[in-house]
J.: 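The following block contains the structure, expressed as structure tokens.
Numbering starts at 1 and runs along the sequence shown.
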Amino acid sequence: MRDLTRLELVTEAVRAALEEVARTAGHLLVGLVDEEWGRRYGRPVRLGKNPTRPKTRILAAGDDTCRLLQRLHQHGSGYRPGLQAEALRQIVVQNYSRDAAGRLRWRTADDGWLAPSSSAIVPPTTSRRATLATGTSSGGRGSPRMSPRRAPPAAST
């Protein structure tokens, strides 16, 4: 299985969370999801090595994610986020930050805020072809089993 780029990870996490919310509390998506969202998240995303307009896509995915999570928090009385919505929240925290003016920014290694991959939170899979982070098979389609990533051990004092 090929590695997902960070942008593909964010986009696939948004898509999976939207599908989860549509199944469990579709009324929360009314007035939020439009035709443009359908184009961005209606099918699996595979960007390849050189995606077109990556900065635009990065910011659009981040803005969409924040709007979706805010909608679930504000209008979802009685709604309990599922695994996909919780994974999306964790992914956005790892990949975006806000600058002093409150604008959304893509985290970079230069910022010093990008989590090293060895301690990154791995969400439940968003694809039939992969396995769950818990190591269980997602349908017996011959997918390799993956073990969850663990944070490095704490330094002893």
Side-chain angles (χ1 to χ4, degrees), residues 1-133 138 146 148-152:
M1 173 182 0
R2 75 179 189 84
D3 293 331
L4 290 177
T5 66
R6 287 174 57 210
L7 177 54
E8 286 174 324
L9 174 67
V10 171
T11 305
E12 283 296 299
V14 172
R15 189 174 71 80
L18 286 169
E19 289 176 356
E20 178 181 75
V21 174
R23 281 191 311 272
T24 60
H27 65 281
L28 295 175
L29 300 177
V30 174
L32 176 67
V33 175
D34 58 16
E35 191 174 317
E36 188 63 32
W37 281 52
R39 278 194 289 276
R40 284 198 290 268
Y41 310 112
R43 60 187 170 85
V45 175
R46 298 295 177 257
L47 300 175
K49 292 186 182 219
N50 297 310
T52 57
R53 302 180 335 269
K55 289 184 180 182
T56 302
R57 288 180 178 205
I58 286 167
L59 291 177
D63 287 337
D64 291 348
T65 299
C66 290
R67 290 175 52 205
L68 174 60
L69 293 174
Q70 183 177 19
R71 170 68 63 100
L72 297 178
H73 178 72
Q74 287 180 343
H75 300 289
S77 61
Y79 170 75
R80 297 197 67 185
L83 292 175
Q84 301 298 341
E86 182 56 27
L88 177 61
R89 187 195 64 75
Q90 292 173 352
I91 288 167
V92 79
V93 166
Q94 287 180 345
N95 288 285
Y96 293 91
S97 63
R98 296 228 178 242
D99 64 15
R103 292 181 301 256
L104 200 62
R105 293 183 55 241
W106 185 244
R107 292 184 189 270
T108 65
D110 296 336
D111 297 339
W113 285 96
L114 188 60
S117 61
S118 63
S119 64
I121 298 169
V122 178
T125 61
T126 58
S127 169
R128 292 185 289 162
R129 294 171 293 173
T131 58
L132 295 173
S138 64
M146 295 171 34
R149 292 187 180 173
R150 301 187 197 303

J.: Does atom CD (E36) have a neighbourhood of more than 12 heavy atoms from anything else shown, all under 6.0 Å?
T.: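 Yes, because the 6.0 Å sphere around CD of E36 holds more than 12 heavy atoms from other groups.
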
J.: Mind listing the closest non-hydrogen atom pair of A13 and L88 along with its distance?
T.: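 Shortest heavy-atom contact: CB-CD1, 3.8 Å.
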
J.: Would you indicate whether the side-chain heavy atoms of D64 and Y41 approach each other to under 4.5 Å?
T.: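 Yes. Closest side-chain heavy atoms under 4.5 Å.
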
J.: Give the minimum heavy-atom separation between V14 and A61, together with the two atoms involved.
T.: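 Residues V14 and A61, closest heavy atoms: CG2-O, 4.4 Å.
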
J.: Taking the side chain as every heavy atom from C-beta outward, state whether L104 and C66 have any atom pair closer than 4.5 Å.
T.: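 Result yes, sub-4.5 Å side-chain heavy-atom pair found.
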
J.: Could you pull out the closest heavy-atom pair between V10 and T65, with the gap in Å?
T.: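 Looking at all heavy atoms of both residues, the closest pair is CG1-OG1, 4.2 Å.
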
J.: Does Q84 use its side chain to pair, donor to acceptor, with the backbone of E20 at less than 3.5 Å?
T.: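 No.
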
J.: Main chain of L29, side chain of R71: is a donor-acceptor contact present, judged purely on distance under 3.5 Å?
T.: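 Here the side-chain-to-backbone pair does not exist.
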
J.: Just wondering, do R39 and E35 contact through their side chains at under 4.5 Å, heavy atoms?
T.: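 Sidechains of R39 and E35: in contact.
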
J.: Kindly give the heavy-atom pair with the smallest separation between L68 and A17, and that separation in Å.
T.: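 Nearest pair, atom of L68 first, then A17: CD2-CB, 4.2 Å.
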
J.: What distance separates T11 OG1 from R15 CZ, expressed to the nearest 0.5 Å?
T.: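 Rounded to the nearest 0.5 Å, the OG1-CZ separation comes out at 10.0 Å.
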
J.: Where is the tightest heavy-atom contact between R6 and N95, given as atom of each residue plus distance?
T.: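 Smallest interatomic distance, heavy atoms only, reads NE-OD1, 2.7 Å.
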
J.: Distance check, rounded to the nearest 0.5 Å: R98 atom CZ versus R103 atom CZ?
T.: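 Answer rounded to 0.5 Å: 11.0 Å.
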
J.: Tell me every residue that passes side-chain contact (heavy atoms from CB on, under 4.5 Å) with R89, counting only those two or more places apart in sequence or in another chain.
T.: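 Checked R89 against side-chain contact (heavy atoms from CB on, under 4.5 Å); matches are L69, E86, V93.
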
J.: Would you find more than 12 non-hydrogen atoms of other residues, nucleotides or ligands less than 6.0 Å from R43 atom CZ?
T.: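 12 or below, so no.
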
J.: May I ask you to decide if Y96's main-chain N or O and R107's side chain share a donor-acceptor pair within less than 3.5 Å?
T.: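 Yes, the answer is positive, given that a donor and an acceptor are paired below the 3.5 Å cut-off.
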
J.: To the nearest 0.5 Å, tell me how far W106 CH2 sits from I58 CD1.
T.: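 W106 CH2 to I58 CD1: 5.0 Å, rounded to 0.5 Å.
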
J.: State, to 0.1 Å, how close Y79 and L28 come at their nearest heavy-atom pair, and which atoms those are.
T.: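 Nearest pair, atom of Y79 first, then L28: CG-CD1, 3.9 Å.
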
